[in-house]
Amino acid sequence: MRHIYAYRITYLLAALIVAAAVLFAWLRSRELVLVPEGEVVGEATTTFRGDRYQEACTACHAEVTYLGELAAANGGRDYLVDMFLFGLEGEVLIDGSRQQLEHQPYGDWADDAIAETLNYMLASWGNQEALLADWEPYRPAEVAAARQLELAPDEVAEKRPALESRE
Amino acid sequence: MNRFIAGIFWILLYLVVVLAPMFIMMIRPTAPGRSFWVEFSIALGFVGLTQMGVQFLLIARYRHVTAPYGIDIILQYHRQIAIMAFVLILAHPAILMIHNPDLLGLLNPFGGTWASRSGVGSILALALLVASSLFRQQIKLDYERWRLTHTLLGFVALVLGHAHVSLAGGYLNTVWKQALWKVFGATMLSSLVYLRLIKPALQKRERYRVAEVRRERGENLTLALEPVGHQGLRFAPGQFAWLKLGKTPYTIEEHPFSFSSSSETVGRLEFGIKVLGDFTSELKNVPPGTGAYLDGPHGAFSIDLAPAAGYVFIAGGIGITPMLSFLKTMADRQDVRPVLLIYGDRSWDGMAYRDELEQLAQELNLTIVHVLDKPPPDWRGETGFVTADLLARHLPQEKIKREFFVCGPPAMMDAVQAALLEQGVPLESIHSERFNLV
C-alpha cells in the first residue's frame with residue numbers, strides 16, 4: 001500500500017514542480033525592470049541589452065536622442081511599437097515641415113526582442129529624462145497585442161505624434 | 001499520527017528546497033523578463049538542477065527523513081524523480097533551441113562559451129548516469145563498480161550544472177545570489193561527504209565481529225554478529241541494515257540484509273541470507289572474528305508499525321527472514337495473537353528455517369501452511385504458488401482485523417497482493433517492502 005501512495009505522491013510532486021516552472025515563466029515574461037548600471041555584477045547585467053540595436057540599427061543611425069520625447073507624446077508609446085513591427089513610410093512633421101520618412105519593419109523579431117530593444121533605446125542617450133514619471137517599460141505581451149493591428153507603413157506614419165525633432 | 005505529520009513535513013520541505021532557489025532568483029534586481037518559452041526553459045533547468053542536488057540528500061539514509069515512509073520508498077522515489085529531473089534538464093536547451101535555432105551552435109563543445117560547455121558536460125554526465133543505471137545488467141557492470149560510477153557521474157553532473165548557471169549569468173546577477181547558489185550546491189554535495197566519510201567514521205566506533213556463519217537448508221545461511229565494545233543496536237522486527245565486512249567501514253561494498261533474530265535480544269544480531277552473487281557466496285567462508293559494520297536499522301516493514309488483533313504473513317523463499325524476526329520477537333514477548341504463516345518455496349528440502357518455524361509453532365498461536373513448487377512424491381500439502389484459491393482455503397474466517405505482511409520476489413509479491421485484494425483484504429492492510437535495486 002505504501003508503494004501505491006508513493007507513486008501517486010510522486011506524480012503529484014512532479015506536476016507541482018512543472019506547474020511552479022510555468023508560474024515562474026509567466027511571472028517573468030510579464031516583468032521588465034529598469035535599474036541603475038551600478039548594480040551590475042560580473043558579466044551579468046540588469047539593464048536592457050543593446051546587442052540587437054548594435055547589430056541591426058547602427059548602420060543607419062547611432063544615437064537616437066529624441067525617442068524619449070516621442071514616447072512621452074500623446075500616442076507616442078503605441079507609435080514606437082507599431083513602427084518597429086510594421087515599418088514606416090510616408091510624410092511626417094519634422095521641425096515644422098512635412099518630410100518623407102521611411103523605416104524598415106522588424107516584425108520578424110520576437111516580442112521580447114522588440115520590447116527589450118525599445119527599452120534599451122529609451123534608457124540610453126538621455127532619453128529617460130524625457131519620459132514621464134509613471135513610465136512603464138515595454139513588455140513582450142504589449143508587443144504581441146500590437147501585432148494584431150497589422151498596419152500598413154503609411155498608416156503607421158499617420159500615427160506619428162507631431163513634435164520638434166532633433167534629427 | 002506523528003509519522004503522518006513527519007511525512008507531510010518532509011514532503012513540504014522537499015518542495016521548498018527544490019522550488020525556492022528558482023523563485024529567489026526573482027528578487028530584484030533581476031535581468032529583464034523574456035518571452036514565456038525562454039523563461040519556461042530557464043525554470044525547467046533550475047528545477048531540474050535543484051532536484052538533482054536533492055538526490056544526494058535522498059540517498060544519504062537520514063533516518064529521521066526515511067522513517068515516515070520506509071527507505072525503500074525513498075529509494076523508489078530517487079529512481080523515479082531522477083528520470084523526471086533528466087527530462088526537465090533536457091527540455092531546457094531543447095526549448096531554447098527550438099525558440100532560437102541560432103543557439104544550436106552552443107552544443108559544439110569546441111565552440112560556444114564556457115557556460116554552454118559546462119551545460120553540455122553536465123547533460124552528458126547525467127545521460128551516462130541514467131543509461132548505466134537503467135541498463136546496468138545489460139552492460140554487465142557489477143554492482144560495486146556501478147555504485148562508484150553512479151556517485152562520480154552524479155557529482156560531475158551537479159558541479160558542471162552549477163558552473164553552467166554561475167557562468168551563464170542572467171539570474172545570478174548579484175553577489176548574494178551567486179553566494180546563495182554556491183551554498184545550495186555545497187549543501188547538497190555535503191550529503192555525499194556525510195555518507196562516504198562521516199558515517200563510516202561514526203561506524204568505526206560501533207564495530208561488530210562475525211560470531212557465526214551457519215549453513216541453512218537450501219542455498220541459505222545465517223550470519224550472526226556480536227557487538228565489540230558497545231551494546232549493539234536496537235531494531236524493530238522486520239527491519240534491515242546495510243552490512244559491510246572487513247577491516248574498514250570506508251569500503252563501498254555493502255549490502256542490505258534483513259534481521260532474522262528477535263528484536264528483544266540485546267547484543268547478538270542474526271541475518272538470514274540467500275547465496276545469490278559474489279558477496280553472498282564469499283560469506284560462506286568468512287571466519288568468525290571478521291570485522292563488520294552496520295548502517296541501520298532501516299525500513300518500515302514491521303509489525304510494530306501495524307498493530308493488529310492478528311497477522312497473516314506470506315513469504316516466498318528468503319522472504320521468510322523478516323517473518324522469522326516477527327515470530328521470534330513475538331515468542332520473546334509471549335505474544336498470544338493469532339498468526340497464519342503461508343510459506344512458499346521451491347522444495348521441501350530447500351525450505352530455509354523450516355525447523356525453527358516448527359519450534360515457534362509450538363510456542364505461539366501460529367499456523368503454518370507450506371506451499372511447494374516442486375513437492376516430493378508423498379506431499380499432501382499445498383503446491384504451486386500462493387493464489388486467490390489457496391488464500392480462500394486458508395485465510396482465517398473469524399472477523400478480527402488482521403494485518404498482512406508479504407515478502408518475497410517482486411513477481412510473487414505482485415501476485416499475492418492481487419490475490420489478497422481479490423479476497424477482499426483492504427489495500428491499507430497489506431504491507432510489503434520492495435527494493436527495486438539496480
Side-chain angles (χ1 to χ4, degrees), chain A residues 1-50 109-120 123 137-141 143-144, chain B residues 7 11 14-15 18-19 22-23 25-26 28-44 46-48 50-51 69-70 72-74 76-77 80-81 84-85 88 99-100 166-175 177-178 300-301 417 426-434:
Chain A
M1 183 200 68
R2 290 182 302 125
H3 299 85
I4 292 172
Y5 285 161
Y7 276 116
R8 291 176 189 168
I9 290 172
T10 299
Y11 292 134
L12 177 63
L13 287 174
L16 284 173
I17 288 168
V18 173
V22 170
L23 176 64
F24 173 91
W26 179 74
L27 289 171
R28 288 293 293 137
S29 66
R30 296 174 60 79
E31 180 180 272
L32 290 174
V33 177
L34 186 64
V35 294
E37 279 269 0
E39 293 186 44
V40 169
V41 174
E43 289 183 7
T45 178
T46 56
T47 60
F48 300 101
R49 286 176 288 246
W109 285 17
D111 297 339
D112 59 321
I114 293 174
E116 188 167 30
T117 303
L118 277 170
N119 288 326
Y120 165 77
Y138 286 102
R139 287 173 171 72
V143 177
Chain B
I11 288 174
Y14 171 84
L15 277 174
V18 168
L19 298 177
M22 177 177 68
F23 286 106
M25 297 305 147
M26 288 181 67
R28 295 182 182 191
T30 58
R34 289 164 288 186
S35 71
F36 173 83
W37 287 107
V38 170
E39 297 292 354
F40 184 55
S41 86
I42 303 291
L44 292 182
F46 264 126
V47 295
T50 53
Q51 282 183 284
Y69 317 100
D72 56 328
I73 296 293
I74 299 296
Q76 171 185 300
Y77 183 78
Q80 289 173 331
I81 215 66
M84 184 213 171
L88 295 188
H99 186 265
N100 182 1
S166 292
L167 292 169
Y171 281 100
L172 298 193
N173 57 357
T174 62
V175 173
K177 286 182 186 176
Q178 291 265 0
F301 184 72
Q417 181 170 296
L427 186 59
E428 57 268 21
S429 294
I430 304 171
H431 308 274
S432 62
E433 194 161 62
R434 292 163 186 270

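Both backbone and side-chain heavy atoms feed into the values below; hydrogens, waters and symmetry mates do not. Throughout, a chain's letter reflects where its sequence line sits, starting with A, and its residues are numbered from 1.
Heavy-atom pairs under 4.5 Å with chain B peak, among A:Ile9, A:Leu16, A:Thr10, at A:Thr10. Heavy-atom pairs under 4.5 Å with chain A were tallied for B:Leu15, B:Val18, B:Ile73, B:Val47; the largest tally goes to B:Ile73. Most heavy-atom pairs under 4.5 Å with chain A, from the set B:Gln417, B:His99, B:Gln51: that is B:Gln51.
Classified by interplanar angle (parallel below 30°, tilted 30° to 60°, perpendicular above 60°), the ring pair A:Phe24/B:Phe46 is perpendicular. Note: B:Phe40 and B:Phe36 have parallel aromatic rings, judged against thresholds of 30 and 60 degrees for the angle between ring planes.
Looking at B:Glu428, the atoms closer than 4.5 Å to chain A (heavy atoms on both sides) sit in the backbone and in the side chain alike. If you measure heavy-atom distances from B:Ile430 to chain A, the contacts under 4.5 Å come from the backbone alone.
For A:Thr117, there are no side-chain hydrogen bond (donor to acceptor under 3.5 Å, both in side chains) partners at least two apart in sequence or on another chain. For A:Ala14, the side-chain contact (heavy atoms from CB on, under 4.5 Å) partners at least two apart in sequence or on another chain are B:Met84.
Two rings, from B:Tyr69 and B:Tyr14, have their centers 6.0 Å or more apart.
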